[in-house]
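What follows is a short report on a single structure.
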Amino acid sequence: MRLLAFLAALALPLTLASPAAADRTSWKWGTVYSADAKASAWGRVTVGQSGFVVSGNVRDIPGKACSWAIVRAQSAKNGRWKTHGFYYCKPGVGTFRQSYGYVLQIKIQVCRGTAKQPTGSCSKSKTIFTQGG
């Protein structure tokens, strides 16, 4: 009887921990380079209870400009696009994170620019997530 209670006590934490690890699903997206190859971005799309989260890294190669990651997501509710830009102006790697709710697709573009706006040398827009894909 004691052995059975001991085994049940050992199994309980394992059964409680497993579903939490299985909640989240994520997709990695590979490196996207700007047209001049001086800026790059890579990261992950994660789905949770309230929608999708795009998290990533932006790398800037030393110079007088900044690196930009421009993320666009198409809403599953109304089909409209939401756009967010993230920039990093120091040599090295910066990070970003943005929640989008439920989306049909997510695209990213990497550019060079200033601390105020992207100015050029942009990559082509790359799809990093599509619903059902």
Side-chain angles (χ1 to χ4, degrees):
M1 183 76 152
R2 286 184 181 172
L3 181 59
L4 184 58
F6 177 73
L7 291 174
L10 284 177
L12 185 61
L14 295 175
T15 57
L16 293 176
S18 296
D23 287 293
R24 302 187 138 241
T25 306
S26 64
W27 298 267
K28 288 174 85 173
W29 46 279
T31 306
V32 179
Y33 293 94
S34 63
D36 64 0
K38 291 185 178 181
S40 59
W42 66 96
R44 181 176 299 273
V45 177
T46 307
V47 63
Q49 290 181 349
S50 61
F52 293 85
V53 177
V54 177
S55 56
N57 303 293
V58 180
R59 174 173 283 155
D60 185 49
I61 294 188
K64 295 182 179 181
C66 299
S67 296
W68 280 80
I70 302 166
V71 182
R72 299 180 65 221
Q74 186 179 22
S75 171
K77 281 185 177 180
N78 58 21
R80 292 185 182 158
W81 289 89
K82 290 183 181 179
T83 304
H84 293 93
F86 307 94
Y87 66 93
Y88 194 70
C89 298
K90 299 177 186 175
V93 178
T95 61
F96 64 89
R97 182 178 178 91
Q98 182 65 46
S99 297
Y100 283 101
Y102 290 100
V103 297
L104 298 174
Q105 60 182 323
I106 303 171
K107 296 182 178 204
I108 189 158
Q109 188 175 27
V110 179
C111 301
R112 298 291 284 162
T114 66
K116 293 186 179 189
Q117 66 184 17
T119 57
S121 296
C122 293
S123 67
K124 291 182 179 179
S125 187
K126 179 183 177 182
T127 302
I128 59 173
F129 173 81
T130 56
Q131 191 68 268

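Reckoned from all heavy atoms, side chains included, excluding hydrogens, waters and symmetry mates. Sequence positions, counted from 1, serve as the residue numbers for this chain. Because the structure is a prediction, the values reported are computed rather than measured.
- Side-chain atoms of Gln98 never come within 3.5 Å of backbone atoms of Val54 as a donor-acceptor pair (strictly under, hydrogens ignored).
- Taking OG of Ser40 as the reference point, atom CZ of Arg59 lies at 5.5 Å (rounded to 0.5 Å).
- When hydrophobic clusters are built by joining Ile, Leu, Val, Met, Phe, Trp and Tyr residues whose side-chain heavy atoms come closer than 4.5 Å, directly or via intermediates, Tyr102 is grouped together with Val71.
- To the nearest 0.5 Å, atoms CZ (Arg72) and CD1 (Ile128) are separated by 12.0 Å.
- Formation of a donor-acceptor pair under 3.5 Å by the Thr95 side chain with backbone atoms of Gly56 is not found in this model.
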Worksheet item: Does the side chain to side chain contact (heavy atoms under 4.5 Å, CB included) test come out yes or no for Thr127 and Ile106, once each step is laid out?
Response: CA-CA 6 Å; Thr127 302; Ile106 303 171; over 6 Å; no

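- Separation of atoms CZ (Phe86) and OG (Ser55) is listed at 10.0 Å; rounding is to 0.5 Å.
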Item to complete: Using the side chain to side chain contact (heavy atoms under 4.5 Å, CB included) rule, take Ile70 and Ile108 through it: C-alpha gap first, then chi angles, then the decisive distance, then the call.
Response: CA-CA 6 Å; Ile70 302 166; Ile108 189 158; over 6 Å; no

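- Of the charged side-chain nitrogens involved, none lies within less than 4.0 Å of a carboxylate oxygen, so that Asp60 and Lys38 do not count as a salt-bridged pair.
- Scanning all heavy atoms of the two residues, the minimum distance from Ala69 to Ala41 falls at CB-CB, 4.2 Å.
- No more than 12 heavy atoms of other residues, nucleotides or ligands sit less than 6.0 Å from atom NZ of Lys82.
- Put simply, the side chain of Ser67 never gets that close to the backbone of Ala39: no donor and acceptor are under 3.5 Å apart.
- In this structure, Leu104 and Thr130 have side chains that are not in contact, with every pair of non-hydrogen atoms separated by 4.5 Å or more.
- Ring-centre distance between Phe129 and Trp27: below the 6.0 Å cut-off.
- Rounding to the nearest 0.5 Å places SG of Cys66 at 11.5 Å from NZ of Lys116.
- Distance check, rounded to the nearest 0.5 Å: OG of Ser125 to NZ of Lys107 gives 5.0 Å.
- Under a hydrophobic clustering in which Ile, Leu, Val, Met, Phe, Trp and Tyr are joined whenever their side-chain heavy atoms come within less than 4.5 Å, directly or via other members, Tyr88 and Trp29 fall into the same cluster.
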Item to complete: Before giving the answer on side chain to side chain contact (heavy atoms under 4.5 Å, CB included), spell out for Trp42 and Val58 the whole-Å C-alpha distance, their side-chain angles and the decisive distance to 0.1 Å.
Response: CA-CA 7 Å; Trp42 66 96; Val58 180; over 6 Å; no

Item to complete: Under the side chain to side chain contact (heavy atoms under 4.5 Å, CB included) rule, what do Arg112 and Tyr87 come out as? Steps first, then yes or no, please.
Response: CA-CA 9 Å; Arg112 298 291 284 162; Tyr87 66 93; over 6 Å; no

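- Here the CD-OH distance, from Gln74 to Tyr100, works out to 13.0 Å after rounding to the nearest 0.5 Å.
- The side chain to side chain contact (heavy atoms under 4.5 Å, CB included) test with Asp36 singles out one residue from Ser121, Cys122, Ser123, and that residue is Ser121.
- Here the closest non-hydrogen pair linking Ala73 and Val103 is CB-CG1, 3.8 Å.
- Remark: Phe96 CZ is packed, more than 12 non-hydrogen atoms of other residues, nucleotides or ligands lying under 6.0 Å away.
- Across all non-hydrogen atoms, the minimal contact from Val110 to Val32 is CG2-O, 3.5 Å.
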